[in-house]
Each structure stands twice: as structure tokens, then as C-alpha cells.
2 protein chains.
Amino acid sequence: METAWEEQLRSAGLRVTRPRLAVLDVLVGHPHVDADTIATAARAVHPSISPQAVYGVLKALVGSGLARRIEPAGGPALYELRVGDNHHHLVCRECGLVADVDCVVGAAPCLAPSDAAGFAVDEAEVVFWGLCADCQVARRQHGYGTGTTSSSIREGVRA
Amino acid sequence: METAWEEQLRSAGLRVTRPRLAVLDVLVGHPHVDADTIATAARAVHPSISPQAVYGVLKALVGSGLARRIEPAGGPALYELRVGDNHHHLVCRECGLVADVDCVVGAAPCLAPSDAAGFAVDEAEVVFWGLCADCQVARRQHGYGTGTTSSSIREGVRA
DNA sequence: CCGCTTGATTTGACTGGCTCAAGAAAACGG
DNA sequence: CCGTTTTCTTGAGCCAGTCAAATCAAGCGG
């Protein structure tokens, strides 16, 4: 399974390099990560990788369809390897946790707004905002309604 | 209709000020604008308004429910006055034009992902990406497929 | 296995969108 | 008209991300 990525890269017309394999490795372990977290984690595998290299790698991966970029409002972009199924996302307002959701409607779902207003729609992006299970519990414990943006926000690395 | 905003502001617990009225005025004329465009346009009414004042006003308006903020991926945040109906948006990849779409499903639509994964969902945000009518025509005229990000992107002020 | 060509990465400077903080100004109740 | 409180102005600063030049490595041909 390790060299599978090499073939993926090659068939996408990309060279196989340590930084790219390191980034892919991080992406496998963390379904939704921001560029900075990727850089930090990738250094465990390839210590000398620079932040800009990560941006470069991610751009290459997204450009060739190996990765997908999502940009939840109010935070840095996140990257994921699950591509080609146009699934959607649940985002926790409190901790930034992101989970995948398969779309309810079908294979290429949601591509039919009620009135397209002359637009040629090619993608529908759906984000469900709410509170993840953990944060619901946390609210119930230390008094809720503070509205404080938890310091642990922007993690979004788990699950 | 002019002093209607004054009441709206007051009943939201906000003071009525020139900058706020100026911003509201711009918002009425331009359904989907970014902060910078608002600042420029608002100066026609209130010349001394500063960019930061615009951010402050917008934060107040959004916080009190008079305006809504949307953040299309890859661009600055846009603001609109249409609130309370959780409608969605069509965004043109080429020129950034934004149009409203009423949701197909019902009153509080889309709030039911197939599997909520333990999340308490309170909002569904839907963005349809595509090409607006004008940009479809433009593509057909000067050879298409360039993929060039038009310089006029980030306008999104019209319609 | 070696060197060459091209593509990738490093390094460093820089931008745009936005926020924070302190002081001056204006709103509005009395 | 005055005082209190909110809001605006002014100015500094932050973060995610981009751009460009120079170095370095991948993978091809020999």
C-alpha cells in the first residue's frame, strides 16, 4: 500500500518526492487538516520540509485531483484525500471538528437549485454547521451560552 | 423607507449613526458586496468613513441579525441584507457574481444530513459553483478553456 | 552507473483581508 | 445643555497564503 501513492502521483504526471509522500502520509492519518498542521506532522517523516513546500505540494495534489480543498468560513483551508464523490461536511462551531456526510439525494446531488438564474452549475458545496457530540457535552457541563470561541478551535484535525 | 433603518437599528439595541446608515444604504443597492467595496461606495454618502469603521458596522449588523455574512471560498467575505430565510447562493467561478437561490426543500431546508454523526446541526450552508450567463457567453467567444482567472474576479457586486 | 534536463523545493520577501487597542467624537437619556 | 456610553478614527499588527529567484533532486538518456 505504500508505493500505491507513487503510482498515483506518477499517473497524475507528478514526480515522486519525499515531501509529497510525507504530505500524503499525513493526509491518510488525518482526514481534514490545515496546511500548517500538515507541515508540522510531515516533519516527523521529512524534517526539512518547509511551509511553502507544503503549499506547493497541496496545490499540486488538488490540481491533479488527488486531494480536495475545503474552506470552512472563518478558518484556514482544510485538505482531504476523499475525492470524486462530492460528499459534504459537518463542521463544529466550537472546536472546528469536521466530519464527512454522504449526500442524501444521490450520485451527483444537489446540482439542481430551484432556479439556476442562468448559471451553469457544476458543483454544489454543502456545509452543515453545528456542535459535535463532544462540544454538546462540554456545553452542558461548564455553563453554556458563553458564546466564547474556544481556544481549541481551528484544530479540526481529528476524525 | 429611509427612516425604517433607524427603527431597525434602534430595536436591535444599536445607535443610529451616519456610518451605519451609509453602509445599510450601500447594502440595499448591492445585494452581495465585500467590505472594501462597501467602504468605497459608502464614502459617496459619508466621505470620512474608515475601512475599520465598515468592519465594525458590519460586525454589529451581522451580530444583531440585520445582515448576513457569506464567505465564498477563495475570496473576501460578502454581506447581504436578506436574512432569516436561510437561502443559498450561486457563485460564478469566473467573475465572482453571486445570485440568491431559494432552497428547494422547504422552510428550514437541508438541515437533515443523511448521517449527522452526533452533530447538533443548526444551519446548512449551500454554495452552487458554476458560470454565470455572461461568463458562459464570454467563454464561447474568446476561445474557452484558458482557465484564466479573469481580472474582474472578486467583483461580485452586481445583481 | 553518470550526467543532463526539467520539475520541485528552499529561502525570503510580500500581499490582502481582517483584528486589536487607544483615544477622539458623536449619540441620546436626562 | 451635560454626562455617560457607544461608536468611530487612527494606527499597529496578525495570519493564511502567494510570488519570485536560486538551489536541489527526480528520472531520463546514454
Side-chain angles (χ1 to χ4, degrees), chain A residues 3 5-24 33-40 42-43 45-64 66 69-79 96 149 151 153-156, chain B residues 3 5-24 33-40 42-43 45-64 66 69-79 96 149 151 153-156:
Chain A
T3 64
W5 288 121
E6 302 196 10
E7 289 181 31
Q8 292 255 277
L9 286 169
R10 255 183 269 271
S11 64
L14 299 172
R15 288 184 181 175
V16 176
T17 67
R18 304 258 265 111
R20 284 175 180 168
L21 293 174
V23 168
L24 285 168
V33 245
D34 61 280
D36 190 62
T37 305
I38 293 173
T40 305
R43 273 187 212 105
V45 179
H46 183 180
S48 74
I49 196 171
S50 68
Q52 288 75 349
V54 173
Y55 284 115
V57 169
L58 290 171
K59 188 181 280 188
L61 294 179
V62 171
S64 61
L66 291 181
R69 174 188 182 133
I70 60 175
E71 300 185 39
L78 305 178
Y79 297 85
T149 296
S151 64
I153 208 172
R154 300 289 105 240
E155 275 267 335
Chain B
T3 64
W5 288 121
E6 302 195 10
E7 290 181 31
Q8 292 256 277
L9 286 169
R10 254 184 267 273
S11 64
L14 297 172
R15 290 184 177 174
V16 176
T17 67
R18 305 255 271 106
R20 283 175 181 168
L21 293 174
V23 168
L24 284 168
V33 245
D34 61 280
D36 189 61
T37 305
I38 293 173
T40 305
R43 273 186 213 105
V45 179
H46 182 180
S48 75
I49 195 171
S50 67
Q52 288 75 349
V54 173
Y55 284 114
V57 169
L58 290 171
K59 188 181 282 189
L61 294 180
V62 171
S64 60
L66 291 181
R69 174 189 180 130
I70 61 175
E71 300 186 41
L78 304 179
Y79 297 85
T149 296
S151 63
I153 208 172
R154 299 291 104 238
E155 274 267 336

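Chain letters run A, B, ... following the sequence lines, proteins first, then strands; residues in each count from 1. In this text the structure is predicted, and so the values were computed from the model without any measurement.
The side chain of A/Ser48 contributes no N or O atom lying less than 4.0 Å from OP1 or OP2 of C/dT9. Between A/Arg15 and D/dC24 there is no side-chain N or O to OP1 or OP2 distance below 4.0 Å. For D/dC8, the OP1/OP2 oxygens have a side-chain nitrogen or oxygen of B/Thr17 closer than 4.0 Å. At the phosphate of C/dG7, neither OP1 nor OP2 sits under 4.0 Å from any side-chain N or O atom of A/Arg10.
Relative to the axis of its first five pairs, the axis of the last five pairs of the helix from C/dC1-D/dG30 to C/dG30-D/dC1 sits at 30°, rounded to 10 degrees.
At the heavy-atom level, A/Ala60 lies nowhere under 4.0 Å from the strands shown.
Using modelled atom types, no side-chain atom of B/Glu6 and backbone atom of B/Val16 make a donor-acceptor pair closer than 3.5 Å. No donor-acceptor distance shorter than 3.5 angstrom exists from the side chain of B/Arg69 to the backbone of B/Ala77, with no hydrogens or angles considered.
Two residues, A/Asp36 and A/Arg18, neighbour DNA chain D, and the one matched to the more 5' nucleotide by heavy-atom proximity is A/Asp36.
Between B/Thr17 atom OG1 and B/Ile49 atom CD1 the span is 8.0 Å, to the nearest 0.5 Å.
Here B/Val45 pairs with B/Ala22, B/Asp25 under the side-chain contact (heavy atoms from CB on, under 4.5 Å) rule; sequence neighbours left out.
Taking atom CZ of B/Arg43 as the reference point, atom C1' of D/dT9 lies 12 Å away to the nearest angstrom. Rounded to whole Å, the distance from CZ on B/Arg20 to P on D/dT9 is 11 Å. Nucleotide D/dA16 holds its P atom 12 Å from the OH atom of A/Tyr79, rounded to whole Å. Atom pair A/Arg69:CZ and D/dT18:P shows a separation of 6 Å (rounding to whole Å applied). Between the CG atom of B/Leu61 and the P atom of D/dT6 there is a distance of 17 Å, rounded to whole Å.
With contacts defined as side-chain heavy-atom distances shorter than 4.5 Å, the pair A/Leu9/A/Leu21 qualifies.
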